[in-house]
Structure formats: C-alpha cells, structure tokens
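Report on the structure given below.
It should be emphasised that the depicted structure is a prediction, and the values quoted were computed from it without experimental measurement.
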Amino acid sequence: MLNQPAEISLKVPAEREYALVIRTALGGVSVLKNLDVDAMDDLRTAADEAFDCLMHQSRKARTVEMQVYDSATHLTVVFQADLDPDAAQDCPDITEISRAVLETLVAQADLSLCSCGCVSKITLTLPKAVAQLA
C-alpha cells in the first residue's frame, strides 16, 4: 500500500505551532474517512505525540511531512522528519516510551530510526473495521 502515492500529503516546518496545522488536517481526514469521534481524537493525539517525538531529539528536525494512505482495510498516517545531517551528536534511545504511548492510541505504531539512533519516521495504522462508523 505505501508503494502508491499518498492520498494526502502535508509538509510543515518542525516548529511547535505547526502541530496545530497537522491536527486540523487530520480532523478533516477523519471526517472524510468517516472515523468516529473517539478514533478521530486518538488519531489527533497520536499525531501530537509523533510530532513531539520527531521534534525533541538530539538532531533537529527541519520539516515534518505527513502522508495519509487509504486502503480498503486500513488508514495509514506517516510522519517523516527531515533531520539536520550536520548535527554531530547521536540520539538517545527514546523509542520504547514513544511506541508505548502511540500504541495506546492506534492499533499499530512503527518507528524507523536513522543511523544515529534518531527517529526519522513514524507510521500509524488504524484498521478501518474498528475506526469507521457502522
């Protein structure tokens, strides 16, 4: 599924005030994809956590891109950070805490690390059977 173009793509500067832009866009996606209110709230909260995770690392993120993929059975939201390649320090391992928080909000959360140990991509997957209105 992720080999196809994203249905929705949004790239924002990696600055805290742009988390609201991501949340607002996901609210619109939730309405378009018929997610119930609880699934919408969980997705938006997970987006906040993903955005914060990507922003608060040893290597500064310059931008964060959100892509939404819709399949017959799942809705997948991918957050990818453009990390500063000039930062010299390695990142401490923060993946277990972030993963635990994200997995309380969505069915599946995958965190991808770059060679320095920083989280460069977070993929959130919601099964439509659970998330959609009947």
Side-chain angles (χ1 to χ4, degrees):
M1 173 184 69
L2 296 181
N3 293 332
Q4 68 187 24
E7 186 173 327
I8 297 166
S9 182
L10 175 64
K11 189 178 212 177
V12 298
E15 297 173 18
R16 184 68 201 140
E17 57 267 18
Y18 287 94
L20 181 58
V21 174
I22 296 284
R23 279 182 65 83
T24 302
L26 281 176
V29 167
S30 298
V31 170
L32 290 172
K33 301 303 176 186
N34 296 319
L35 299 184
D36 65 34
V37 173
D38 290 334
M40 178 176 63
D41 287 344
D42 288 347
L43 180 58
R44 288 168 45 162
T45 302
D48 282 344
E49 177 65 26
F51 196 83
D52 282 347
C53 177
L54 293 171
M55 285 183 38
H56 295 103
Q57 303 183 87
S58 296
R59 292 186 187 237
K60 180 168 174 35
R62 296 183 289 199
T63 61
V64 175
E65 184 173 8
M66 177 187 75
Q67 296 177 319
V68 178
Y69 300 87
D70 187 9
S71 75
T73 59
H74 291 82
L75 184 67
T76 302
V77 182
V78 178
F79 297 93
Q80 180 129 14
D82 175 24
L83 298 173
D84 182 358
D86 296 328
Q89 66 271 33
D90 286 343
C91 295
D93 185 7
I94 60 169
T95 59
E96 292 309 312
I97 294 170
S98 293
R99 186 185 324 279
V101 170
L102 291 168
E103 286 180 346
T104 64
L105 298 165
V106 297
Q108 184 177 349
D110 297 311
L111 284 71
S112 301
L113 306 178
C114 59
S115 61
C116 69
C118 288
V119 178
S120 59
K121 181 167 79 170
I122 299 174
T123 304
L124 308 175
T125 305
L126 294 87
K128 285 182 155 184
V130 174
Q132 284 191 350
L133 290 170

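Taking both residues in full, the closest heavy atoms of Leu83 and Gln57 are given as CD2-NE2, 4.1 Å, listed atom of the first, atom of the second, then distance. Of all heavy-atom pairs between Ala107 and Pro127, the closest is CB-CD, 3.3 Å. Nearest heavy-atom pair across Ala109 and Arg99 is O-NH1, 3.7 Å. Looking at every heavy atom in both residues, Asp52 comes nearest to Arg16 through OD1-NH1, 2.7 Å. Between Thr104 and Val101, the closest heavy-atom pair is OG1-O, 2.6 Å. Between Ala61 and Ala14, the shortest heavy-atom distance links the atoms O-CB, 3.2 Å.
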(request) For the pair Ser98 and Val119, evaluate side-chain contact (heavy atoms from CB on, under 4.5 Å) and give the outcome as yes or no after the intermediate values. (result) CA-CA 10 Å; Ser98 293; Val119 178; over 6 Å; no

(message) Assess the residue pair Arg44 and Thr24 against the criterion (side-chain contact (heavy atoms from CB on, under 4.5 Å)); give the C-alpha distance rounded to whole Å, side-chain angles, the decisive distance to 0.1 Å, and a yes or no.
(response) CA-CA 8 Å; Arg44 288 168 45 162; Thr24 302; over 6 Å; no

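Taking the side chain as every heavy atom from C-beta outward, Lys11 and Asp82 never approach each other to under 4.5 Å. Using a 4.5 Å heavy-atom threshold, the side chains of Val78 and Glu65 count as separate. A heavy-atom distance below 4.5 Å is found between the side chains of Phe79 and Leu54. Ile122 places none of its side-chain heavy atoms less than 4.5 Å from the side chain of Phe51.
Among pairs with a residue in residues 17-26, those fulfilling salt bridge (Lys or Arg N to Asp or Glu O under 4.0 Å) read Arg23-Asp48, at least two apart in sequence or across chains.
When the side chains of ILVMFWY residues are joined at heavy-atom separations under 4.5 Å, either directly or via intervening members, Met40 and Leu102 end up in two distinct hydrophobic clusters.
Atom OH of Tyr69 sits about 8.5 Å away from atom OG1 of Thr123, to the nearest 0.5 Å. For the atom pair Leu124 CG and Glu103 CD, the distance stands at 10.0 Å (nearest 0.5 Å). Atom-to-atom distance recorded for Lys60:NZ and Met55:CE is 6.5 Å, nearest 0.5 angstrom. With rounding to the nearest 0.5 Å, the separation of CG in Leu26 from CG in Leu43 is 4.5 Å. Here Lys121 contributes atom NZ and Leu113 contributes atom CG; the two are 11.5 Å apart, rounded to the nearest 0.5 Å. Note that the NZ atom of Lys33 and the CG atom of Leu75 stand 7.0 Å from one another [nearest 0.5 Å].
Checked against side chain to side chain donor-acceptor pair (under 3.5 Å), Glu15 has no partners two or more places apart in sequence or in another chain.
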